[in-house]
2 protein chains.
Amino acid sequence: MSIIFSKGCEYGLQAVLYISTLERGRRILIKEIAAKLQIPVHFLAKILQQLSQKGILKSYKGSKGGFVLGRSPEEIRLIDIVNALDGMSIFTECILGFPGCSTEHPCPVHDRWGKIRTEAFEMLADETIADVKEKSISKIASLNMDS
Amino acid sequence: MSIIFSKGCEYGLQAVLYISTLERGRRILIKEIAAKLQIPVHFLAKILQQLSQKGILKSYKGSKGGFVLGRSPEEIRLIDIVNALDGMSIFTECILGFPGCSTEHPCPVHDRWGKIRTEAFEMLADETIADVKEKSISKIASLNMDS
DNA sequence: TCGATAATAGACTCCATTATCCTTTATCAA
DNA sequence: TTGATAAAGGATAATGGAGTCTATTATCGA
């Protein structure tokens, strides 16, 4: 079971981070990304499709086709990717699953969880893929070391 | 979709919090809890079963049966309930889903997410159901106001 | 001791997420 | 203009979490 994000969202984040480590403008194929990140190709295709529709990626069909970033890496925040794939409900729903959790009718951990959730949101909202590029490069590099 | 915790875990947390608001030693039936919290009875039965096996609740069969807390409310931390139902993997898995995320091979948000995750853990580890009793009472009270 | 009650336990169903497959569309290069 | 390539898109399948059902076991009260 994945925490917080759906599997598709995890894959999408990984894929965009991966693309961001490539030389600017280089078109990369779904199957290359899938192979590198060990993600099912067809499933990844669906996710990249959604990201293209949202403008986070740009796709090219045909030979010499592939994917590139849809805008400059400084303008792609992690939250944009999350929002495109999973939406924003994680930032509004009650962590205990209580219905109608709000300031008027807070759940027992409403305030404390609210703070944590806000920090998580802020992390995703102020980190762009440009900010984490170096870290992405080393993480990606570590991936296929054993296999 | 539920965030962080499984549906069963959410229900379990709600149920234990509810039981903690009742007079000490009062035995409450699954169906009463289910009705109050709007949870499917049979599903809740499964969850309370697990919590009984872990000693968080104590169950009594037969007429005059039902559930009570397995130990004093000061000794039941929220994390105990989470651990019993969902385990601890949320505190170890990579938020981006990268394999082998660790200090040696950190993912791009490893440090920042690590801090947030630790705060979440600490919240669950230092709040006992005794600590949040008053808040639980008012949240539970707010539940069936409309229906 | 017997019937009613309520939790236990395991099998089973349902559905959303995850994953796969195949056809269509667009693009490139020869 | 044609063949190869690669993404788009729709249909289908598998998996796992969520929820249901039924029989069994334990306990109480009459």
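All values derive from a computational prediction rather than experimental measurement. Numbered from 1 within each chain, the chains take letters A, B, ... in sequence-line order.
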Are OP1 or OP2 of C:dA9 and a side-chain N or O of B:Q53 less than 4.0 angstrom apart? yes

Between A:Q49 and D:dG10, does any side-chain N or O lie under 4.0 Å from OP1 or OP2? no

Taking for each residue the nucleotide of DNA chain D with the nearest heavy atom, is it A:S63 or A:S52 whose nucleotide lies nearer the 5' end? A:S63

Among C:dT20, D:dA7, C:dT18, the one nearest A:F67 by side-chain distance: D:dA7

Measure the distance from CD1 on B:I33 to P on C:dA6 and round it to the nearest whole Å. 13 Å

Any side-chain to backbone donor/acceptor pair from A:R117 onto A:E93? Under 3.5 Å, distance only. yes

Where the side chain of A:P40 is defined as all heavy atoms beyond and including C-beta, which of C:dA6, C:dA19, D:dC21 is the nearest nucleotide? C:dA19

Quick one: does B:K135's side chain have a donor or acceptor within less than 3.5 Å of a partner on A:C107's backbone? no

From CZ of A:R26 across to P of D:dA6 the rounded distance in Å is 12 Å

So if I take every side-chain heavy atom of B:K64 and compare against C:dT8, C:dT25, D:dG29, which nucleotide ends up nearest? D:dG29

Once you round it to whole Å, what is the distance between P of C:dT17 and CG of A:L85? 13 Å

Would you please confirm or rule out a distance under 4.0 Å between OP1 or OP2 of C:dT8 and any side-chain N or O of B:S59? yes

Of all the nucleotides listed (C:dG10, D:dG19, C:dA29), which has the minimum atom distance to the side chain of B:Y11? D:dG19

Spacing between B:L29 atom CG and C:dT8 atom P, to the nearest angstrom: 12 Å

Classify A:L48 by what it touches in the nucleic acid, base, sugar-phosphate, or nothing, heavy-atom distance under 4.0 Å. nothing

Are the side chain of A:Q14 and the backbone N or O of B:G97 linked by a donor-acceptor pair below 3.5 Å? yes

Could you state the atom-to-atom distance from CZ of B:R27 to P of D:dA26 in whole Å? 16 Å

Rounded to whole Å, the NZ-C1' distance (B:K58 to C:dT8) equals 14 Å

Quick one: B:I47 CD1 to C:dT8 P, roughly how many Å, whole number? 13 Å

Considering all heavy atoms, the nearest B:M88-B:N83 contact: CE-CB, 3.2 Å

For DNA chain D, whose closest nucleotide is more 5', that of A:K46 or that of A:G65? A:G65

Provide, to the nearest angstrom, the distance between the CG atom belonging to B:L44 and the P atom belonging to D:dC21. 16 Å

When the nearest nucleotide of DNA chain C is assigned to A:F43 and to A:G62 on a heavy-atom basis, which residue is associated with the more 5' position? A:F43

Counting heavy atoms not belonging to B:K7, are there more than 12 under 6.0 Å from its NZ? yes

